[in-house]
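Structure first, commentary second.
Because the structure is a prediction, the values reported are computed rather than measured. Heavy-atom basis, side chains included; hydrogens, waters and symmetry copies ignored.
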Amino acid sequence: RRLARCRRDLLDPALADLPVAATAARWGFANPTHFNRVFRDNFGHPPGKYRLTYNGSRASAAGETGTDVLDPGAR
């Protein structure tokens with residue numbers, strides 16, 4: 001659930017200026033290296049690249065897997 005919340009925050013345009021490490025810390029990930037590894041293992045990209053790739057597009061509130069991103073190219 002913490003990873004899903006991090007993912008949601010990374011995709012939120014209102015939080016685009018918040019550093020990835022701050023997002024991770026907000027949800028209890030004190031070690032940025034660990035967070036990057038766990039995020040990448042679950043969502044296929046490290047968090048910074050994930051944020052850039054999906055450009056703040058909306059993620060489905062129901063999903064937790066990272067495979068449910070709706071229209072990643074949309075703005």
Side-chain angles (χ1 to χ4, degrees):
R1 289 183 184 170
R2 291 185 305 149
L3 280 174
R5 290 176 178 143
C6 289
R7 183 178 128 245
R8 181 196 64 206
D9 285 0
L10 291 170
L11 296 177
D12 186 342
L15 301 174
D17 292 335
L18 190 65
V20 170
T23 299
R26 177 179 183 206
W27 294 108
F29 292 95
N31 183 321
T33 302
H34 173 72
F35 173 68
N36 282 334
R37 185 175 338 140
V38 171
F39 191 95
R40 184 189 66 234
D41 290 348
N42 280 270
F43 299 116
H45 298 289
K49 182 174 180 184
Y50 190 89
R51 175 186 264 171
L52 291 173
T53 299
Y54 295 107
N55 236 357
S57 64
R58 295 181 332 138
S60 169
E64 303 275 333
T65 65
T67 58
D68 61 326
V69 174
L70 301 176
D71 196 11
R75 281 200 147 250

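- Counting non-hydrogen atoms of neighbouring residues, nucleotides and ligands closer than 6.0 angstrom, the CG atom of D17 reaches no more than 12 such neighbours.
- The closest side-chain heavy-atom distance from N42 to R7 is not below 4.5 Å.
- Shortest non-hydrogen contact noted between P47 and L10 is CB-CD1, 3.6 Å.
- Of all the heavy atoms in L15 and R51, the pair that sits closest is O-NH2, 3.3 Å.
- Side chains of L3 and F29 form a contact here, defined as non-hydrogen atoms less than 4.5 Å apart.
- The backbone N or O of G28 sits less than 3.5 Å from a side-chain atom of R2, completing a donor-acceptor pair.
- The shortest non-hydrogen separation linking A24 to C6 is CA-SG, 4.3 Å.
- Between the NZ atom in K49 and the CZ atom in R40 there is a gap of 11.0 Å [rounded to 0.5 Å].
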With a cut-off of 3.5 Å and sequence neighbours excluded, list every side-chain donor-acceptor pair involving residues 32-39.
from : atom 1 : to  : atom 2 : distance (Å)
N36  : ND2    : P32 : O      : 3.4

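- Interatomic distance, CZ of R8 versus OG1 of T23, reported as 10.5 Å (0.5 Å rounding).
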